Colleague: 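Please read through the structure below; I'll follow up with questions.
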Amino acid sequence: MSLNTPFPIDVVVMAAGKGTRMKSRLPKVLQRLAGVPLVQHVINTAAQLNARSAVVITGHGAEQVEPVLLAPGQALAVQCVRQEPQLGTGHAVQQAVPALADDGVVVILSGDVPLTQADTLQALIAQCGGDKLALLTIDFADPTGYGRIVRSAQGQGQSDAVQAIVEHKDASDAQRQISEVYSGIMAVPAQWLKRWLGRIDNQNAQGEYYLTDVVKLAVADGVPVVAHKIDDALQVAGINSPVQLAELERAHQLRQAHRLMTQGVRLQDPARFDLRGQLDCAQDVEIDVNCVFEGRVALGEGVRIGANCVIANCTIAAGAVIHPFTHIDGEKLGVSVGEGALIGPFARLRPGAQLGAEVHIGNFVEVKNSTMAQGAKANHLAYLGDATVGERVNYGAGSITANYDGANKHRTVIEADVHIGSNCVLVAPVTIGAGGTVGGGSTITKSTEPGALSVARGKQISIANWARPQKKPKP
Ligand code: UD1
Ligand code: MG
């Protein structure tokens, strides 16, 4: 039930079209913008309208599109209705009629128009008011290809009543001069919509059932038609080709970058910034060029991110520095980086890495499902998996936890103040007692006592004055 309108909202999303110009095996509405399928953007926006129901019209690639829409955890309960064959937008919406109640306002959206904002749709719904036909329109300098908004005889003033939408291919030369176009988005009382859909024919240039013909039917029935005109072209931009997809991606990224900069985030170059999820930044965050943020990322005060980092599902506390070329992906478990930590360059933090304050992770170090307490360091060429690392531990270059025995994973515990030398193998399950030292090159298979030096490698022998073999003289 809609919370802020006196009538329920039902959403219909048209997503049956082929998308020939994408030249892709993936249906057009599943192509990704900012990492999210186009149709999912539309569903996410619909969810913000507190819609009572959502019907998606599928057709081309339905067997790929429907599982995405019906996946658990979907933002809004979605019903899929197939349209086969595709005989036009009017025919598409007709397929939804059995699923639509009579008492609602139907908001019609397109699965390939991803960036419409919820507040724009709220304003459109308000214009509809439960008893009018409301069209979302925009002025285009080049309106070629779009349906034109034809207003009453006087001219094209905003106050002149909307008479019809005429598709480009059906328009006269005079009508083609009209710059106001239909966005493809409308809000319409369900009862009227159902009545009009039954009366649409396909006597037009394309031989299709045009949804846009409801406008003249509304006029004939004396139902007021109102246009809600916006000037933000991104909100009505549809995707038909890889070029348009890339252009909209850039425009969207630039908009996100500007929003962050308005909040005080310092982006080295807003044109080289990609956010495919949600990024929350405290004060004085600095982000260098070519970074990609995915999923949910939170950056604390004064965090600095070096160039060319990919950071997903991660919380980074105040004052931490992520040096260039670091890859962090928390996936479902998440990653946390403590205050003042120094990470990278060329570090890799995987799911379940929980790093305390002042931890240092250097180049070519991988950390997975491990906690590192305050001040612990692993500065070069190392692996920590399924490990619990105490405060101030120094973990030497080239050392690894052997956490996997081929069947199961086991934990390594390294207690506080331990020093692990270079090139050690800690075969889990194993515990290195507090304050202990492990000599370089050791393979440790048994737990060690606190304070002990443990060395597990061939003992060094030296043979004095040893003569190397000589080449035999040629005969
Ligand atoms: C439509 C409008 C036009 C408007 C333009 C805005 C009509 C007749 N015209 O034109 O006034 O200016 O959008 O972009 O509506 N679809 C189906 N089944 C079909 C046909 C289309 O599901 O049988 C879907 C498409 O996948 C797409 C949407 O409906 O998501 C719009 O269809 P499209 O063919 O792009 O309509 P346009 O010709 O662009
Ligand atoms: Mg189109």
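We count ligands from 1, going down the list as the structure has it; atoms in each ligand are counted the same way. As the structure is a computational prediction, the values presented were derived from the model and not from experiment.
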Colleague: Numbering the atoms of ligand 1 from 1, which are under 4.0 Å from a heavy atom of Gly147?
Modeller: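 Once the distances to Gly147 are compared, the set is 3 (C), 4 (C), 11 (O), 12 (O).
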
Colleague: Does a sphere of radius 6.0 Å around CZ in Arg411 hold more than 12 heavy atoms from other residues, nucleotides or ligands, not counting ones at 6.0 Å or beyond?
Modeller: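 Atom CZ in Arg411 is packed in, count exceeds 12.
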
Colleague: If I apply the N/O under 3.5 Å rule, does Leu211 come out as touching ligand 1?
Modeller: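 Not met; the criterion fails.
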
Colleague: Do the charged groups of Lys409 and Asp386 touch, with an N to O distance under 4.0 Å?
Modeller: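 Salt bridge flag = no for Asp386 with Lys409.
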
Colleague: If only side-chain N and O atoms count, and only distance matters, is there a donor-acceptor pair under 3.5 Å linking Asp173 with Gln177?
Modeller: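 The answer is no; no qualifying pair exists.
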
Colleague: Tell me, please: is Gly88 in heavy-atom contact with ligand 1, that is, under 4.0 Å?
Modeller: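 Right, Gly88 reaches ligand 1.
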
Colleague: Is the closest heavy-atom distance from Thr212 to ligand 1 below 4.0 Å?
Modeller: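 Thr212 counts as a contact of ligand 1 under the 4.0 Å cut-off.
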
Colleague: Looking at ligand 1, does Glu167 have a heavy atom less than 4.0 Å from it?
Modeller: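 Glu167: in contact with ligand 1 (<4.0 Å).
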
Colleague: Pairs of nitrogen or oxygen atoms closer than 3.5 Å, one from Thr89 and one from ligand 1: do any exist?
Modeller: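 Indeed, backbone or side chain, Thr89 has an N or O that close.
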
Colleague: What part of Ala16, side chain from CB on, backbone N/CA/C/O, both or neither, has a heavy atom under 4.0 Å from ligand 1?
Modeller: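 Both parts.
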
Colleague: Hey, does Met14 come in under 3.5 Å of ligand 1, counting only N/O atoms on both sides?
Modeller: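 The answer is yes, given that Met14 and ligand 1 share an N or O pair closer than 3.5 Å.
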
Colleague: Between Lys18 and ligand 1, which residue portion shows a heavy-atom distance shorter than 4.0 Å: side chain, backbone, both, or neither?
Modeller: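 Within the 4.0 Å criterion, Lys18 makes no contact with ligand 1.
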
Colleague: Who gets closest to atom 14 (O) of ligand 1 by heavy atom: Tyr146, Phe140, Tyr209?
Modeller: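 Comparing heavy atoms across Tyr146, Phe140, Tyr209, the nearest one to atom 14 (O) of ligand 1 lies in Tyr146.
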
Colleague: Under the rule for side-chain contact (heavy atoms from CB on, under 4.5 Å), what residues qualify as partners of Val292, not counting sequence neighbours?
Modeller: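 Listed in chain order: Asp274, Arg276, Glu294, Val310.
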
Colleague: Counting only heavy atoms closer than 4.0 Å, does ligand 1 sit against the backbone of Asn240, its side chain, both, or neither?
Modeller: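 Looking at Asn240 and ligand 1, no heavy atom falls under 4.0 Å.
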
Colleague: Please determine whether any non-hydrogen atom of Ser183 lies less than 4.0 Å from an atom of ligand 1.
Modeller: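 Checking ligand 1 against Ser183, which is what was asked, there is a heavy-atom contact under 4.0 Å.
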
Colleague: May I ask whether Ile57 places a heavy atom under 4.0 Å from ligand 1?
Modeller: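 Per 4.0 Å heavy-atom rule, Ile57 does not contact ligand 1.
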
Colleague: Nearest non-hydrogen atom to atom 17 (C) of ligand 1 belongs to which of Gln83, His60, Gln86?
Modeller: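 The option holding the nearest heavy atom is Gln83.
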
Colleague: Under the side-chain contact (heavy atoms from CB on, under 4.5 Å) rule, collect the residues that match up with Ser179, sequence neighbours excluded.
Modeller: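 Applying side-chain contact (heavy atoms from CB on, under 4.5 Å) to Ser179 gives Asp139.
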
Colleague: Anything under 30° is parallel, anything over 60° is perpendicular, the rest tilted; go ahead and classify Phe325 against Phe346.
Modeller: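 Parallel.
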
Colleague: Show which atoms of ligand 1 fall inside a sub-4.0 Å distance from at least one heavy-atom site of Ala92.
Modeller: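 Ligand 1 atoms under the 4.0 Å threshold to Ala92: 17 (C), 18 (N), 22 (O).
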
Colleague: For ligand 1, does Lys28 get within less than 4.0 Å through its side chain, its backbone, both, or neither, judged by non-hydrogen atoms?
Modeller: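 Neither part.
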
Colleague: Using the ring of each side chain (for Trp, its six-membered ring), is Tyr209 parallel, tilted or perpendicular to His91, with breaks at 30° and 60°?
Modeller: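 Tilted: the ring planes of Tyr209 and His91 meet at 30° to 60°.
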
Colleague: In ligand 1, which numbered atoms sit nearer than 4.0 Å to a non-hydrogen atom of Asp112?
Modeller: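 Counting atoms of ligand 1 from 1, those under 4.0 Å from Asp112 are 30 (O).
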
Colleague: Could you check whether any side-chain N or O of Asp221 sits under 3.5 Å from a backbone N or O of Val223, counting only pairs where one atom can act as donor and the other as acceptor?
Modeller: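 Judged by distance alone, no pair lies under 3.5 Å.
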
Colleague: Output yes when Arg266 and Asp284 qualify as a salt bridge under the 4.0 Å nitrogen-oxygen rule, no when they do not.
Modeller: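 Salt bridge: yes.
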
Colleague: For the residue pair Asp10 and Gly104, what are the closest heavy atoms and their distance?
Modeller: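 In terms of heavy atoms, the two residues are closest at OD2-CA, 4.0 Å.
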
Colleague: Hey, which atoms in ligand 1 end up nearer than 4.0 Å to a heavy atom of Tyr210?
Modeller: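 It comes down to these atoms of ligand 1: 8 (C).
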
Colleague: Please answer whether the main-chain N or O of Leu33 pairs with a side-chain N or O of His252 as donor and acceptor at a distance below 3.5 Å.
Modeller: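 Such a contact is absent between His252 side chain and Leu33 backbone.
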
